[in-house]
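Structure first, then comments.
Just so it is clear, the model here is predicted, and its values are computed rather than measured.
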Amino acid sequence: VDMVNIYIKEAKPNYYLETTSTLLSWSFYLFDKHPEVLDKVKNELASILHAPTRSVSDEEKMKGIRIPTYEELQQMDYLTMVIKEVLRYE
């Protein structure tokens with residue numbers, strides 16, 4: 001029983017890291033295979049966050065990045081569907 005508790009305690013912090021990295025890896029792979037989906041996600045983010053859709057320099061990107069609010073996240077329907085589909089796919 002003690003070994004099980006030790007294993008759970010050591011594995012728990014890595015569980016979220018592994019899940020996140022897997023989600024991101026599959027997302028990038030599928031975005032590469034389906035660029036039209038990536039375009040729709042980018043357009044949704046741009047419309048909700050009022051981000052420029054044009055190509056911007058690295059300096060402009062650093063100044064323009066912000067974390068979306070909870071309310072904005074709730075508006076990201078297409079991104080939510082994409083994330084759920086990626087989780088289903090893996």
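For the atom pair Ile48 CD1 and Gln74 CD, the distance stands at 10.5 Å (nearest 0.5 Å). Note: Leu30 CG to Leu38 CG = 11.5 Å, rounded to the nearest 0.5 Å. Between the CE atom in Met81 and the CD1 atom in Ile83 there is a gap of 11.0 Å [rounded to 0.5 Å]. The CG atom of Leu45 lies 14.5 Å from the NZ atom of Lys40; values are rounded to the nearest 0.5 Å.
Pairs passing the salt bridge (Lys or Arg N to Asp or Glu O under 4.0 Å) check and including a residue from residues 71-80, sequence neighbours excluded, read Arg66-Glu72.
Using a 4.5 Å heavy-atom threshold, the side chains of Glu36 and Val41 count as separate. Proximity of Leu49 to Pro68: side-chain heavy atoms (C-beta onward) are separated by under 4.5 Å at one or more points.
What you find for Tyr78 and Glu44 is that their closest heavy atoms are N-OE2, 2.9 Å.
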Quiz item: Could you go step by step and tell me if Val86 and Leu23 meet the side-chain contact (heavy atoms from CB on, under 4.5 Å) rule?
Solution: CA-CA 7 Å; Val86 170; Leu23 173 66; 3.6 Å; yes
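Side-chain atoms of Asp32 never come within 3.5 Å of backbone atoms of Phe28 as a donor-acceptor pair (strictly under, hydrogens ignored).
In this structure, the side-chain contact (heavy atoms from CB on, under 4.5 Å) partners of Tyr29, at least two apart in sequence or on a different chain, are Trp26, Lys33.
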